[in-house]
Amino acid sequence: MKPFYDQQGGAPTLIHQDQQNGASNGSELKDGTFQTSTTIGNKTYVIGGADSETLSIDVRIFDKCLGEWVNPTVLGTKPLSCEGHSVVLLKDRIIVLKKNPKPDDHTWFLEVDTQYVRRQKKKLGTEVVAWSKGVIGNVEKPVVISGPSGVGKGTLISKLMKEFPSMFGFSVSHTTRAARGMEKDGVHYHFSEKSIMEKEIKDGKFLEFASVHGNLYGTSVEAVEMVSDAGKRCILDIDVQGARSVRASSLEAIFIFICPPTMEELERRLRKRGTETEEQVLKRLRNAQAEIEQGKSSGIFDFILYNDKLAECYDSLKKLLGLDGYVTPPPNPAAREFNLPMDYSVCKLDDRIIIYDNSLELENIIMLDVSSLEGGAPGRTRGLDFIRMEQLHIQ
Ligand code: ADP
Ligand code: 5GP
């Protein structure tokens, strides 16, 4: 045990150096708070206690080079504090396993040196860590659909969602444009004030955003995660700039660009829809040419579809999503939950974490396989695989 002193000048805070092979089961301090420490190079990440305002688990860093405490910028939704937790160090992130009986809220990741964290450090010029909630299993890659206004994106997406309601979910974007007649807040868009949306963008709540036809549009991290949490494949209807940002993010997706058969037909469709003023129609048509050029040549898109005859284009879309002749299985939300013992310790074996009941009940030994993780901050970390020892047939 090695004492360090808090920079705020308060009572001495002890850093318990109980890390073994990258795992630590933490310790309760004299003041009743619980903490773990994980040392990576010159930095010790102390995780524990509760932020008095948010009641979430606190993170502080002791920098051995500077000989002082650093309060990092903490991004992402934070886990609520609990009775205790264990930590295991992976390459660029720390797994935090909460002592919490809730079957869908025990596994969290504190990212300390992932690509996302490194980018944010550069952008903000401060020490940064990012929380990401761990989720069991995987969902199919989200589908990003782009194309000029009036080409038929919404029509194709509606058909897909109608035919496969339990399979697809729509990422509801935020926009500062006014709602059209039939549009509902929270269903078609989250209609937002510009100043509020700008503040939320600054707070890192958006996966991507762009100024399109004079208004601000953006996809919140929550919009995509809510669809994935429901076990559905997420569909994003966003412009080319947004697609480029998603390409550069940690979200792995399939990118599809929809082209009109001709510019004349695009104009006919836009006018026939009758949802824009003449000025807005002209603006959208002016932007369409550049969007089509970028869509075809930027290398962002995996597939380009021409929406000439709607039925044919829809069939092509289904084909490239592997849905021709598909029978939709019922969703199974229970498969995404797992009960941990009430009191446990952890140790690390390669890409596996062994979680054992402190009462040493053999049937309560669990293996957590983290070899196939996907996603991560600013969204969830998917691909957790919990296996009970009894399922492994180990006596
Ligand atoms: P977007 O979402 O790309 O802006 P919409 O889905 O709103 O475009 O389609 C614009 C208009 O074109 C709508 O009135 C729609 O019914 C019509 N439309 C869509 N696809 C076709 C098509 N293949 N042939 C003719 N009209 C179409
Ligand atoms: P509309 O105003 O017709 O609903 O949408 C105009 C354009 O904004 C469309 O090209 C649509 O794809 C794009 N768009 C809608 N939501 C988003 C979003 O969240 N992000 C970005 N980048 N573009 C969006």
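All values reported here derive from a predicted model rather than from experimental measurement. Heavy-atom basis, side chains included; hydrogens, waters and symmetry copies ignored. We count ligands from 1, going down the list as the structure has it; atoms in each ligand are counted the same way.
Under the 4.0 angstrom criterion for non-hydrogen atoms, R180 is in contact with ligand 2. Taking 4.0 Å as the cut-off, E208 counts as a neighbour of ligand 2 on heavy-atom distance. For the ligand labelled ligand 2, residue R284 lies inside the 4.0 Å heavy-atom shell. Not a single heavy atom of H188 sits less than 4.0 Å from an atom of ligand 2. Heavy-atom separations between G218 and ligand 2 include at least one value shorter than 4.0 Å.
Ligand-side atoms of ligand 2 in range of R177: 1 (P), 2 (O), 4 (O), range being under 4.0 angstrom from any heavy atom. Within ligand 1, the atoms closer than 4.0 Å to a non-hydrogen atom of G154 are 1 (P), 2 (O), 6 (O), numbered from 1 in the order shown. Atoms of ligand 1 found under 4.0 Å from any heavy atom of D308 (numbered from 1 in listed order, with element): 22 (C), 23 (N), 24 (N). Short contacts between ligand 2 and K153, defined as distances under 4.0 Å to a heavy atom of the residue, involve ligand atoms 10 (O), 12 (O). Against a heavy-atom cut-off of under 4.0 Å, A210 is close to the following atoms of ligand 2: 22 (N). Each of the atoms 4 (O) of ligand 1 lies under 4.0 Å from some heavy atom of S149. Listed by number with element, the atoms of ligand 1 under 4.0 angstrom from any heavy atom of P148 are 3 (O).
Between K309 and ligand 1, no pair of N/O atoms sits closer than 3.5 Å. Between E265 and ligand 1, a contact under 3.5 Å exists for no N or O pair. Among the atoms of K272, none of the N or O lies under 3.5 angstrom from an N or O of ligand 1. Any N or O atom pair closer than 3.5 Å counts here, and E291 shares no such pair with ligand 2. Residue D237 has no N or O atom closer than 3.5 Å to an N or O atom of ligand 1. Taking any N or O of T219, backbone or side chain, at least one lies under 3.5 Å from an N or O belonging to ligand 2.
Salt bridge present: R382 and E225 bring a charged side-chain N and a carboxylate O closer than 4.0 Å. Electrostatic pairing of E276 and R180 counts as a salt bridge here, judged by a charged N lying under 4.0 Å from a carboxylate O. The pair E279-K283 does not count as a salt bridge, with every side-chain nitrogen at least 4.0 angstrom from each carboxylate oxygen. Under a 4.0 Å N-O distance rule, the pair K141/E252 qualifies as a salt bridge. Taking 4.0 Å as the cut-off between side-chain N and carboxylate O, E198 and K194 count as a salt-bridged pair. Salt-bridge check for R93 with E111: passed, with a basic side-chain N closer than 4.0 Å to an acidic carboxylate O. Electrostatic pairing of D385 and R352 does not count as a salt bridge here, judged by no charged N lying under 4.0 Å from a carboxylate O.
The protein heavy-atom contact nearest to atom 7 (C) of ligand 2 is V212 CG1, 3.7 Å. Nearest to atom 19 (O) of ligand 2 among the protein's heavy atoms is S173 OG, 2.6 Å. From the protein, the heavy atom lying nearest to atom 23 (N) of ligand 2 is D239 N, 3.0 Å. Nearest protein neighbour of atom 11 (C) of ligand 2, counting heavy atoms only, is D237 OD1, 3.5 Å. Looking at atom 7 (O) of ligand 1, its nearest protein heavy atom turns out to be R273 NH1, 2.8 Å. Among all protein heavy atoms, the one lying closest to atom 16 (O) of ligand 1 is T155 OG1, 4.0 Å. Regarding atom 6 (C) of ligand 2, its nearest protein heavy-atom neighbour is Y217 OH, 3.6 Å. Of the protein's non-hydrogen atoms, G150 O, 3.5 Å is the one closest to atom 10 (C) of ligand 1. Nearest protein neighbour of atom 8 (O) of ligand 1, counting heavy atoms only, is G152 N, 3.1 Å. The protein heavy-atom contact nearest to atom 5 (O) of ligand 2 is Y189 OH, 3.4 Å. Nearest to atom 20 (N) of ligand 1 among the protein's heavy atoms is N307 ND2, 3.1 Å.
No side-chain donor-acceptor contact under 3.5 Å links D92 and T114. Side chain to side chain, N287 and H213 meet the donor-acceptor criterion of an N or O pair below 3.5 Å. Counting only N and O atoms by type, the side chains of S146 and D239 include no donor and acceptor under 3.5 Å apart. Side-chain atoms of T381 and S132 form a donor-acceptor pair, as typed in the model, at a separation below 3.5 Å.
When heavy-atom distances to ligand 2 are checked against a 4.0 Å cut-off, H174 has no atom that comes that close, whether in backbone or side chain.
Here atom 10 (O) of ligand 2 lies nearest to G147 when heavy atoms of G147, G242, S146 are compared. Of all the listed residues (K159, R268, R269), R269 holds the heavy atom that lies closest to atom 17 (C) of ligand 1. Relative to atom 18 (C) of ligand 2, the option among L270, I238, V246 with the closest non-hydrogen atom is I238.
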>> Let's go through H174 and F191 carefully: what are the C-alpha distance in whole Å and the side-chain angles of both, what is the deciding distance for ring pair (Phe, Tyr, Trp, His ring centres under 6.0 Å) to 0.1 Å, and is it a yes or a no?
In response: CA-CA 6 Å; H174 282 62; F191 295 100; 9.9 Å; no
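Looking at R60, R118, K122, K43 one by one, the single match for salt bridge (Lys or Arg N to Asp or Glu O under 4.0 Å) with E127 turns out to be K43. The residue from T155, N307, I292, I304 that alone fulfils the side-chain contact (heavy atoms from CB on, under 4.5 Å) condition with I258 is N307.
Taking NZ of K318 as the start and NZ of K159 as the end, the distance is 8.0 Å to the nearest 0.5 Å. Rounded to the nearest 0.5 angstrom, T73 OG1 and L124 CG are separated by 5.5 Å.
Nearest heavy atom pair, residue E291 against residue P148, reads OE1-CA, 3.9 Å.
Remark: aromatic rings of Y344 and H106 are distant, center separation not under 6.0 Å.
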